[in-house]
J.: 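To start, I am sharing the structure in question, which I have written as structure tokens.
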Amino acid sequence: MGVEAFAERAARELRATGEQPRKRAAQPADALTPQELRIARLVAGGATSKEVAAQLFLSPRTIDAHLRNIFGKLGIASRRELRTVRLP
């Protein structure tokens with residue numbers, strides 16, 4: 001059974017009970033890779049690029065490159081804004 005078929009069946013069963021299926025709201029943070037998510041959480045917690053790099057055994061430049069990707073995917077421009085984003 002495919003995902004779409006399963007979702008349709010679940011929606012039909014919900015409607016049969018009088019409920020309405022909710023639309024799934026995709027979060028911008030869902031677009032992050034697992035590595036980007038790790039980095040985003042650490043930076044949102046106040047860690048510097050150097051501290052994150054040491055913890056993940058990467059270079060600070062690699063962390064900065066990941067942060068540029070993270071900022072682009074989330075539509076933000078700074079570490080301060082990253083603190084306001086709800087991360088899964």
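What you see is a predicted model; the values in this text were computed from it and never measured. The chain is numbered in sequence order, starting from 1.
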J.: How many angstroms lie between atom CG of Leu56 and atom CD1 of Ile63, to the nearest 0.5 angstrom?
T.: 5.5 Å
J.: If the condition is side-chain contact (heavy atoms from CB on, under 4.5 Å), which residues does Ser78 pass it with, not counting sequence neighbours?
T.: Arg80, Glu81
J.: Write out all pairs satisfying salt bridge (Lys or Arg N to Asp or Glu O under 4.0 Å) with one or both partners inside residues 56-79, taking only residues at least two apart or from two chains.
T.: Glu36-Lys73
J.: What's the separation between atom OG1 in Thr62 and atom CD1 in Ile39, rounded to the nearest 0.5 Å?
T.: 8.5 Å
J.: For a 4.5 angstrom cut-off between non-hydrogen side-chain atoms, does Gln35 reach Leu58?
T.: yes
J.: With sequence neighbours left out, write down each residue that passes side chain to side chain donor-acceptor pair (under 3.5 Å) with Lys50, or none if nothing qualifies.
T.: none
J.: Could you list the residues that satisfy side chain to side chain donor-acceptor pair (under 3.5 Å) with Asn69, not counting sequence neighbours?
T.: none
J.: Suppose we screen for side chain to side chain donor-acceptor pair (under 3.5 Å). Which residues come up paired with Gln55, at least two apart in sequence or across chains?
T.: none
J.: Apply the side-chain contact (heavy atoms from CB on, under 4.5 Å) test between Ile70 and each candidate in Leu37, Val43, Leu82; give the one that qualifies.
T.: Leu82
J.: Given side chains that start at C-beta, do those of Ile76 and Thr84 come closer than 4.5 Å, heavy atoms only?
T.: no
J.: Side chains of residues 10-18: which donor-acceptor partners sit under 3.5 Å, not counting sequence neighbours?
T.:
from, atom 1, to, atom 2, distance (Å)
Glu13, OE2, Arg9, NE, 3.1
Thr17, OG1, Leu14, O, 2.7

J.: Heavy atoms only: give me the nearest Ala53-Ser59 pair and the separation to one decimal.
T.: CB-C, 3.6 Å
